[in-house]
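What you are looking at is a predicted structure, and each value in this text was computed from that prediction instead of being measured.
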Amino acid sequence: FPTRRSSDRPNMIIVYIVLLLILVYVNYRLVNRLLSENRIYFVRLIATITTVISFILVYALIHELMPFVVRAMDLMYHQ
């Protein structure tokens with residue numbers, strides 16, 4: 001994997017946060033529409049898929065935040 005510059009990290013953090021907010025909004029709208037149509041199995045499927053995607057996005061967000069956390073805690077961190 002090519003190494004990224006440290007200036008790319010804040011951009012990716014913002015991207016992951018925006019993607020999470022979009023996912024939450026789309027999930028909310030889609031689930032409410034499907035619930036109004038009494039399509040319970042599709043609601044469960046959509047909720048499961050969006051939960052898995054959100055886990056992946058949160059993992060990536062935490063991965064991007066860790067260098068800042070380590071630096072803030074003033075620890076020695078060698079890559």
Side-chain angles (χ1 to χ4, degrees):
F1 293 101
T3 57
R4 292 198 313 255
R5 296 174 305 193
S6 61
S7 63
D8 291 340
R9 287 198 186 273
N11 294 337
M12 289 306 297
I13 291 170
I14 293 170
V15 168
Y16 289 135
I17 291 172
V18 169
L19 285 174
L20 277 167
L21 291 174
I22 291 171
L23 181 67
V24 167
Y25 178 74
V26 168
N27 183 40
Y28 175 77
R29 297 292 300 237
L30 195 56
V31 165
N32 279 341
R33 187 175 58 108
L34 290 172
L35 279 175
S36 68
E37 298 172 2
N38 286 332
R39 300 174 77 185
I40 302 300
Y41 292 111
F42 285 112
V43 170
R44 290 181 181 175
L45 180 66
I46 295 298
T48 302
I49 291 171
T50 56
T51 301
V52 169
I53 294 171
S54 66
F55 283 158
I56 294 168
L57 287 174
V58 167
Y59 175 81
L61 177 64
I62 290 173
H63 181 74
E64 293 293 325
L65 285 173
M66 283 314 293
F68 296 109
V69 172
V70 169
R71 203 173 322 142
M73 292 174 62
D74 199 27
L75 296 175
M76 299 294 283
Y77 184 72
H78 300 286
Q79 292 183 349

Nonpolar side-chain network containing Val18, other nodes, edges under 4.5 Å: Ile14, Ile22, Val26
Set of residues satisfying side-chain hydrogen bond (donor to acceptor under 3.5 Å, both in side chains) with respect to Tyr41, sequence neighbours excluded: none
Connected via hydrophobic side-chain network under 4.5 Å: Leu21 and Met12: yes
Gap between atom OG1 of Thr51 and atom CD1 of Ile46 - 0.5 Å precision: 10.5 Å
Set of salt bridge (charged side-chain N to carboxylate O under 4.0 Å, His left out) partners for Arg44, sequence neighbours left out: none
Apart from Phe55 itself, residues in the same hydrophobic cluster as defined by side-chain heavy atoms under 4.5 Å: none
Nearest-0.5 Å distance, CZ of residue Arg33 to OH of residue Tyr28: 14.0 Å
Point-to-point distance, once rounded to the nearest 0.5 Å, from CG of Asn27 to CD1 of Ile49: 10.0 Å
Which residues share a side-chain contact (heavy atoms from CB on, under 4.5 Å) with Leu57, sequence neighbours left out: Tyr16, Leu19, Leu20, Leu23, Ile53
Val24 reachable from Ile13 in the ILVMFWY side-chain graph, under 4.5 Å edges: no
Linked, directly or transitively: Phe68 and Ile62 (ILVMFWY side chains, under 4.5 Å): yes
Shared hydrophobic cluster for Phe42 and Leu35 (ILVMFWY, side-chain gaps under 4.5 Å): yes
Side chain to side chain, Leu34 and Ile40, heavy atoms closer than 4.5 Å: no
Approximate separation, where rounding is to 0.5 Å, of Leu61 CG and Leu65 CG: 4.5 Å
Pairs satisfying salt bridge (charged side-chain N to carboxylate O under 4.0 Å, His left out), at least one member in residues 17-32, at least two apart: none
